[in-house]
Each structure stands twice: as structure tokens, then as C-alpha cells.
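Some notes on the structure that comes next.
Here is how names work: the chains are called A, B, and so on, in the same order as the sequence lines, proteins then strands, and each is numbered from 1. Remember, it's a predicted structure, so these values are computed and weren't measured experimentally.
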Amino acid sequence: MTQTGILAFGAYIPRRRLQRAAIHAANKWFAPGLAGLAKGERAVANWDEDAVTMAVEAARDCLTGIDRATVDGLTLASTTLPFADRLNAGIVKEALTLGDATRATDAAGSLRAATSALLAAFESDRTQLCVAADLRKARAASEGELMQGDGAAALLVGRGDVIARVLATHSVTSDFVDHFRRAGATFDYGWESRWIRDEGYTRLLGGAIGDALAAAGIAAETIDHLVVPVSVRGVAAGLAKKLGVRAEAVADALQATVGDTGTAHPLLMLAAVLEQATPGQRILVAGFGQGADVLLLETTDALARLPRRRGVQGHLAARQPDDNYQRFLFHRGLVELERGMRAELDQKQPGSTLYRHRKAVLGLIGGRCTKTGTVQFPRSDISVNPNDRAVGTQEDYPLADRPARIVTYTADSLSYSPDPPTYYGTIDFDGGGRLVAAFAEASAADIEVGRAMRMVFRINAVDEQRDFIKYFWKAVPANEGEG
Amino acid sequence: MARGIKDKVAILGMGCARFGERWQDDADTLMVEAFEEAVADAGIETSQIDAAWLGVAFDAINIGPSGIPLSIALRLPNIGVTKVENYCASGTESFRGAVYAVASGAADIALAMGVEKLKDTGYGGLPVRSRGTTFDMVGVTGSAPGNFAQLAAAYRAKHGVGKDDLKRAMAHVSVKSHANGARNPKAHLRNRVDIDTVLGAPMIAEPLGLYDCCGVSDGAACAIVTTPEIARALGKRDLVTIKAIQVSSSNGWELQQAGGWDGSYFHTTRIAAAKAYEEAGITRPREQIDLMEVHDCFSITELVTMEDLFVSKEGEGWKDVRDGFFDADGTIPCQIDGGLKCFGHPIGASGLRMIYENYLQLLGRAGDRQRQDPPALALSHNLGGSPIQNVSSVAIVGLADA
């Protein structure tokens with residue numbers, strides 16, 4: 001039996017990066033003491049993203065070049081899951097077009113839900129996709145607003161050609177309440193930062209790491225990468241010094257570029273480390289929340305053979321600097337704008353219709369005529385091919401990972417959109433299939449007939465009367481050849 | 001092809017309400033206004049009408065379902081009233097129903113009414129609505145200008161027309177229609193506009209600015225049709241007969257087949273036009289058609305429709321527009337009444353409003369805006385839906401001997 005370990009990693013960071021200086025400029029009249037945090041940028045999810053959509057994108061990145069039929073299970077870890085009672089991981093499963101035999105679970109409860117899910121996966125015989133995502137929400141003019149960021153990361157765990165094997169794991173649980181959020185509440189409530197630093201990070205987390213190293217018989221100075229998902233300045237470096245880990249081993253907490261992505265953060269930092277690591281390096285990953293998880297990993301030769309993916313670096317590079325703090329507040333529901341009557345369209349989703357069409361809607365699976373080869377979306381009883389009106393000949397044909405091109409488009413200023421103007425148009429997929437799609441992350445300078453596009457999983461509309469979220473796929477500008 | 005209906009049915013009378021923001025009037029009043037004019041023009045009693053068709057698109061904010069609202073508004077003598085809804089072709093559909101009833105011999109005299117009360121929505125533009133539970137999950141519910149604006153990007157790409165050149169040609173469409181509408185007492189918008197105003201207007205859906213979009217209004221129009229024999233027996237001398245009515249509906253090809261439709265034209269309009277010309281015996285539309293009322297919901301729609309009706313060569317419609325070919329004093333006036341641009345577009349009424357203008361022009365009754373070169377054949381066209389999935393209708397009427 002081969003050893004369990006990490007088979008692949010993936011990441012997702014939203015394109016818009018809100019400049020912290022812009023946040024502080026709006027709030028400094030009220031909270032001048034936050035000036036010290038007002039540098040760098042944080043990733044902000046668009047209005048049509050949430051923990052589920054970001055998880056889907058990170059998982060797709062992780063599964064680059066991997067046969068999805070090999071995935072047995074899926075865990076989605078987040079403390080900002082959009083549904084309290086509807087399996088969020090189930091939506092991710094449908095979007096990834098994983099088989100119905102997939103075991104899927106949501107993991108929540110604390111910011112270490114992702115490392116705990118990872119520990120469970122390490123102890124399983126299954127090939128398990130561990131995805132973590134958070135869309136952080138903090139009050140305006142709060143420290144959290146400046147320090148947090150939105151994002152997701154995914155790791156595929158299983159046996160076989162692992163890129164990192166597991167050396168040891170360790171967990172402690174203690175009801176240390178550095179911050180909390182009651183079920184249904186919108187914002188966190190946090191205790192004094194000095195107490196959290198001393199009792200939480202130094203004693204509780206540092207103690208757990210020290211115990212893990214000791215139990216595994218691994219010398220601290222042999223750790224090549226220390227992943228401590230704490231963004232408070234100096235904490236990770238202080239822990240490294242105290243434990244005897246080399247200063248240069250301390251992994252970048254991505255504070256200057258992304259912000260603290262909460263549950264996703266240990267996985268996101270680990271993904272960034274794996275992009276830079278060389279075979280045979282030791283990585284220590286910690287998770288913190290009412291205790292701590294510690295994972296000791298060692299990279300293998302397979303790391304160098306992992307196919308290229310967007311990863312953390314790719315997403316960091318695909319950035320759109322943003323100064324629009326007001327838009328951010330609106331997208332987070334922290335300020336109400338006059339949306340006009342066009343926003344009143346009832347978005348009621350018949351459950352029976354969605355279930356019947358779940359493969360098409362959530363998985364972007366179209367149809368391919370087995371007689372003519374014509375590809376279409378959605379499937380229909382009679383093929384769209386005008387030259388061969390074949391009846392009942394279609395088979396499933398996934399389109400989500402196919403590159404596409406714009407046939408025609410517009411930028412609509414009349415329709416209601418939380419992010420006007422609404423770009424949409426007709427796209428043709430390479431290999432067949434056509435869709436009138438909404439375009440996400442589009443701008444006037446970057447949209448033209450013939451432009452390469454790729455599909456992403458997003459929120460299509462929200463039924464505000466019944467609190468339901470309708471997901472579908474949108475097209476975003478792509479690099480040539482990207483699917 | 002079927003034998004068609006050429007010259008089997010004549011227009012006995014027509015009426016058209018004043019279009020506009022009729023804040024004080026219900027749809028009922030608009031229908032009565034159009035009908036009173038038509039029935040007087042026809043010179044018959046209401047009791048002589050055998051069957052009626054009602055074209056209306058937005059029943060939820062309008063008159064409610066079924067043909068009953070027409071029957072009540074006009075106090076029809078308990079005849080069959082059929083409501084038809086086929087997007088923006090609804091008015092022409094009601095006309096088709098009435099004409100077919102007469103052509104078949106099922107009715108001697110039939111009424112087609114189109115009405116829409118759009119100004120009770122609370123906002124400009126067409127109401128946002130569902131297109132069915134399946135579509136709503138995977139389709140884009142864009143605005144009408146957003147859907148039609150996409151013609152421009154594809155047209156530019158296909159024909160190598162510069163952004164500015166196309167935008168100027170589109171602006172010419174609107175300047176021309178406003179000049180025409182200014183002379184029409186029943187039009188909603190009666191102001192002339194200059195090209196700089198059109199070019200400088202706020203963007204609605206790239207590249208359509210405010211003046212590239214038609215108005216939104218309340219309105220009604222109707223036709224009373226019969227056989228040419230009955231019309232003559234009732235004392236009519238100059239007859240306008242129906243030469244052709246054709247409707248073509250998308251079957252999903254434009255929307256679904258990659259590499260098929262290129263987005264720059266209306267597939268259905270080409271089919272409806274070709275069939276209508278065949279039915280009417282027209283072989284050279286650019287030489288034979290004297291007048292056109294087309295579906296100018298947006299300037300770009302009118303522009304590409306000139307090609308889809310085989311009047312302009314493909315890729316050259318924008319030049320014909322720019323050169324004034326379709327101006328009121330051009331070779332084939334298009335929207336000599338002001339079009340949707342100035343009448344606005346009360347959906348169910350528009351198709352009949354167009355036929356009303358053609359009818360008046362053919363009979364020389366168009367007043368200040370009468371085409372001096374007497375027309376003999378006039379075409380009207382509706383396009384409902386969006387370029388990628390739609391219903392197109394073409395109706396050709398003309399003098400009985402044309």
C-alpha cells in the first residue's frame with residue numbers, strides 16, 4: 001500500500017484587489033487608529049461569488065489534468081457557507097460533475113475546519129478533495145475589513161503518486177474564544193489582540209507545534225516551510241524563533257496581496273508553498289481555532305511533475321486593482337443602493353425544475369448528438385442540427401472546461417446589475433456548443449468579437465424573497481487556449 | 001409553396017389611436033378609439049363582424065388573459081375573440097388571424113385589434129419578465145436594447161465596418177424617423193433631432209445610445225378585413241388588398257448551433273421576406289416595394305433589416321441608410337410615419353399601426369406626410385424576441401391592381 005499524501009493543489013483568488021488605502025481613506029475620520037493597516041491590497045469577491053463558487057474554482061484548478069472519476073469524496077470547509085441547511089459541498093460536487101457516488105460533506109465551526117478536514121482525509125483510504133473557501137464579512141471601519149480577504153484553496157488527498165507525503169499530524173482542542181460568531185449572526189466579536197497573541201498564538205498554537213515536532217522526532221530547524229495562517233504582524237516569525245524554525249522558512253501569509261482568507265488560509269498558504277517547494281522539503285502546516293491542527297509534510301519527486309495550473313501565483317498575477325470602496329460595501333450588503341424597479345424581478349426557483357436540470361445548470365453539461373456529432377446546450381429531445389433532425393440521440397457533453405470565443409456581445413446599462421454595465425453575449429465553444437452567457441470580470445477594453453473566454457461557476461441570481469441562491473456559469477476573458 | 005392569400009382579402013377600414021403616454025386612459029379606451037375610426041372607415045355596423053383577433057403581449061400589466069377584454073371594450077356581439085401573443089409580432093399575428101379567417105371563407109368580415117398599455121409599469125422600457133422556468137436558470141435576461149445591441153458588434157466584425165461609421169449610420173436612422181414623426185399627429189415623439197444629439201446621447205447598451213432606442217408608449221390600432229367582393233358591394237372603390245403575410249419563428253438554431261448564425265442578421269426575417277415576396281409575386285424588392293414600415297425597435301435593427309428584406313445588399317445597408325435611400329424623400333421611404341422610434345412600441349399595436357400607415361399612404365390619405373410618388377406596394381415587418389431567438393413577420397399590402 002502506497003502512502004497517503006497530497007496528490008494535487010489548487011487555488012482561487014478573486015480578481016479585484018481593493019486597495020487598503022482606499023478603505024482607510026473613507027473611514028479614517030472615524031477610525032484613524034487603523035492607519036497602520038492601510039497598506040497593500042485585499043482580494044474581494046465579486047457580487048456573484050461566495051464560498052461555494054470560489055470553492056468550485058479552486059477545486060477545478062486542483063483537478064487540472066486529473067481524471068475526476070478518481071475522486072471518491074469531497075469536503076467543503078468554510079465558516080461562511082451560503083446555506084445552513086442544503087449541502088454546500090453537494091453544489092460543488094454538481095459543478096465539478098463528480099459522480100453521484102461521491103461522498104460529500106460540509107465542514108464548518110471554526111477557522112481550522114480545513115486543516116481538520118485534511119487530517120480526516122489523511123486517515124481515509126479514499127481519494128478525497130478537500131476544499132476550503134471563505135467570503136469574509138466584517139463591519140466597515142473594522143480591523144477585519146482591512147486584514148481579511150476572500151479566496152479558496154483545494155487539495156486532493158489520496159494514495160499513489162503523491163506530491164507531498166504525510167510525516168505526522170497532531171491536534172489539540174481547547175475552547176479558546178479569540179473571536180466568535182453566533183449562528184445566523186453577520187459579524188465576528190473578538191477579544192483583546194494582546195491576549196490572543198500571548199495565550200492563543202504563542203502558548204496554544206506554539207505549544208501544539210512544539211508537541212507535534214517532538215512527537216514526530218523532527219527537529220524544528222529541518223522545517224523548510226512553516227505555514228502559520230496568522231496575519232498579525234510578527235506572530236509567525238515569533239513562533240518560528242521560539243520553536244527554532246529557520247526565519248526564512250516562515251511562509252508568506254499573503255497579507256500584502258490577498259488578506260486573511262479565514263478557513264481557506266492554511267490551504268491557500270500551503271498551495272503557495274507547494275508552488276515554490278522543491279522535492280524532499282519539509283512543510284509544517286498549522287490550523288488555529290479553539291485549538292490547533294498541525295500537519296507535517298514532505299514533498300516528493302512527483303511535485304516537479306505536477307501539471308501547471310493557475311495556482312496562487314497565477315491568481316495573484318491576474319489582479320484588478322480596485323479603489324471602489326463603496327462598491328465593495330454594496331456587494332457585501334453593508335450599504336443599500338437604490339436599485340430601481342428592474343431589480344424587482346421575482347427570482348423564484350422551482351425546486352423540481354432545478355433538480356431535473358441539475359446537470360445542465362450546475363454542471364454545464366450539454367448534449368452531443370451521437371449520430372451527427374453536433375454539440376448543443378442544453379440537451380433536447382430533437383437535435384438542433386438543421387440538416388439531420390435526429391430524435392433521442394444525445395449524450396451528455398460537459399462544456400465547462402472547453403475554451404470559447406465571443407460571437408457577439410453588448411454592455412447593457414439598462415438591465416439591473418450589482419456591477420453595471422452587464423456584459424453578456426453569445427459564445428461558441430471549441431468543438432461545438434453555443435451559449436448566450438453573462439460575462440464576469442469584463443471591461444470595455446477587454447471584450448471584442450473573437451475574444452477567447454473560459455467558463456466560471458457563479459451566482460446567477462438571488463431570490464431575495466425566499467433566500468435562495470441560483471448558480472450558473474458565466475464566461476470570463478481567458479488567455480489563449482485556456483479552458 | 002401554398003397558393004397564398006394574394007388579393008383574396010381586402011382592408012375595409014382601419015383605425016389607430018393616438019400613441020403616447022396616455023396616463024388617463026385604459027387599454028379599453030385605446031381600443032375604442034382605434035375601433036371607432038376603423039368602423040366608421042369601413043362603413044359597417046359592429047354587428048356585421050363575424051370574428052375578432054386581439055394581439056397583446058404583456059397581459060399581466062395590461063388587460064389580463066383571453067380575448068374577453070376586447071369583446072367587453074367594444075361590446076362585440078358574442079363572436080369568437082381570439083387573443084394572440086407572439087412577442088412583437090403580436091399585432092401582425094392578430095391581422096393574420098383575421099385575414100386567414102376571411103380568406104378561408106369562415107368569416108365575411110373580421111376584426112384585428114392590437115393594443116398595449118405599457119405606461120403602467122412604473123419605469124421606461126419594456127417590463128422585465130420570465131421566459132420560462134428552464135430558460136431562467138440558464139439564459140440571460142438582458143434588456144431589449146442589450147439583446148439587440150449585439151447585432152452591431154457582429155455586423156462590424158463581419159463586414160469590417162468601423163465603430164464610428166456604423167454609429168453614424170445608426171444615428172441617421174433615428175434622425176430620419178424623428179423628422180418623419182414630427183409630421184404625424186398620432187406619433188408620441190414629434191421632435192426633430194440632429195445627428196450630434198443622437199451621437200452624444202447617454203449609452204443604454206453599447207453601442208446603442210438613448211436615441212438609438214424606440215420610445216415606450218400606450219397605443220392601439222385595428223383593421224377590419226373582408227373579401228374584395230364584399231368590400232366592393234359595400235361601396236368601396238379603391239381597394240387595398242393583402243398581397244402576403246408570412247411569419248417565421250426561430251427553432252433554436254441561432255441560439256444553439258455553434259458556428260452557424262453569426263449574430264449580424266435576422267435569420268427569420270430572411271425566411272419570412274423570401275416567402276412573402278413569393279406569395280406576393282415580387283421578384284425585385286428594391287425596385288418593386290414603394291414603402292416600408294419595419295421594426296425599428298432599435299436603429300441597428302432597422303439597419304440590418306434593410307439587408308434581411310433583400311432591399312440592401314448584405315454588408316451595404318449602412319451605406320444605403322447613410323446615403324438617404326430610406327429617407328422620406330429617398331427611393332424607398334422607411335418609417336414615413338415616424339416608426340417605432342416616434343410612435344413608441346406598444347407591442348400588440350405596432351404591427352397594425354404599420355399596416356395602418358401603409359393603408360393610408362396607398363389610398364393617398366396620409367396628409368402632410370403623404371408620399372408624392374404614389375405608392376402601390378407597401379411592406380411592414382415585425383421582429384419579436386431578440387436577434388438570437390425571435391419571431392419575424394412580413395406583411396405586404398397594395399392597391400388591388402398592383
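Two residues are said to be in side-chain contact when any heavy atoms from C-beta on lie closer than 4.5 Å; Leu151(B) and Thr408(A) fail this criterion.
Rounded to the nearest 0.5 Å, atoms CG (Asp412(A)) and CD (Gln150(B)) are 9.0 Å apart. Rounding to the nearest 0.5 angstrom, the gap separating the OH atom in Tyr424(A) from the OG atom in Ser143(B) is 4.0 Å. Between the OG1 atom of Thr426(A) and the CD atom of Glu254(B) there is a distance of 10.5 Å, given to the nearest 0.5 Å. One distance of note links CD of Gln256(B) with CZ of Arg434(A); it measures 10.5 Å at 0.5 Å rounding. The line from CD of Glu344(A) to OH of Tyr123(B) is 8.0 Å long, rounded to the nearest 0.5 Å. The distance from the CZ atom of Phe472(A) to the CG atom of Asp136(B) is 12.0 Å, given to the nearest 0.5 Å.
Contacts of Ile388(B) with chain A are made by side-chain atoms alone, with heavy-atom separations under 4.5 Å and no backbone atom involved. Contact annotation for Val361(A): both backbone and side-chain heavy atoms come within less than 4.5 Å of a heavy atom of chain B. Residue contact with chain A, scored on non-hydrogen atoms closer than 4.5 Å, is absent for Leu210(B). Of the atoms belonging to Ile427(A), not a single heavy atom falls under 4.5 Å from chain B. Using a 4.5 Å cut-off between heavy atoms, Gln349(A) contacts chain B through its side chain alone, with no backbone atom that close. Contact annotation for Thr374(A): only side-chain heavy atoms (C-beta onward) come within less than 4.5 Å of a heavy atom of chain B. Of the atoms belonging to Arg156(B), it is side-chain heavy atoms, and not backbone ones, that fall under 4.5 Å from chain A. With a 4.5 angstrom heavy-atom cutoff, Leu414(A) touches chain B via backbone and side-chain atoms both. Heavy-atom distances place no part of Gln347(A) under 4.5 Å from chain B, backbone and side chain included. For chain B, the nearby parts of Pro386(A) are the backbone and the side chain; heavy atoms of each come within less than 4.5 Å. Residue Ala461(A): no heavy atom, backbone or side chain, is found under 4.5 Å from chain B.
In terms of heavy-atom pairs under 4.5 Å with chain B, the best-connected choice from Leu435(A), Val384(A), Val407(A) is Val384(A). Your options are Pro378(A), Pro421(A), Gly450(A), and the one with the most heavy-atom pairs under 4.5 Å with chain B is Pro378(A). With chain A as the partner, the residue from Gly263(B), Ala154(B), Pro387(B), Ser264(B) showing the most heavy-atom pairs under 4.5 Å is Ala154(B). Chosen from Gly432(A), Ala360(A), Gly433(A), the residue pairing most often with chain B at heavy-atom distances under 4.5 Å is Gly433(A). In terms of heavy-atom pairs under 4.5 Å with chain B, the best-connected choice from Thr422(A), Asp346(A), Asn385(A), Ile406(A) is Asn385(A). Top candidate by heavy-atom pairs under 4.5 Å with chain A, chosen from Pro202(B), Gly122(B), Ser130(B), is Gly122(B).
Between the Asp428(A) side chain and the Gly259(B) main chain, a donor and an acceptor come within less than 3.5 Å of each other.
Sparse packing is recorded around CD of Glu336(A), with 12 or fewer heavy atoms of other residues, nucleotides or ligands lying under 6.0 Å away. The environment of Arg168(B) atom CZ is sparse: at most 12 non-hydrogen atoms of other residues, nucleotides or ligands sit within 6.0 angstrom. Lys359(A) NZ: 12 or fewer foreign heavy atoms inside a 6.0 Å radius. Heavy-atom neighbours of Arg389(A) CZ from other residues, nucleotides or ligands within 6.0 Å: at or below the threshold of 12. Heavy atoms from other residues, nucleotides or ligands lying under 6.0 Å from NZ of Lys275(B) number 12 at most.
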Pair Asn460(A)-Met137(B), side chain to side chain contact (heavy atoms under 4.5 Å, CB included): steps then yes or no: CA-CA 8 Å; Asn460(A) 193 25; Met137(B) 294 185 296; 6.0 Å; no
Step-by-step side chain to side chain contact (heavy atoms under 4.5 Å, CB included) determination, Phe377(A) to Val138(B): CA-CA 9 Å; Phe377(A) 183 89; Val138(B) 299; 3.8 Å; yes
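Between Ala157(B) and Val449(A), the closest heavy-atom pair is CB-CG1, 3.7 Å. Minimum interatomic distance between Thr410(A) and Gly146(B) (heavy atoms only, all atoms of both residues): CG2-O, 3.0 Å. Nearest heavy atom pair, residue Thr121(B) against residue Met341(A), reads O-SD, 3.6 Å.
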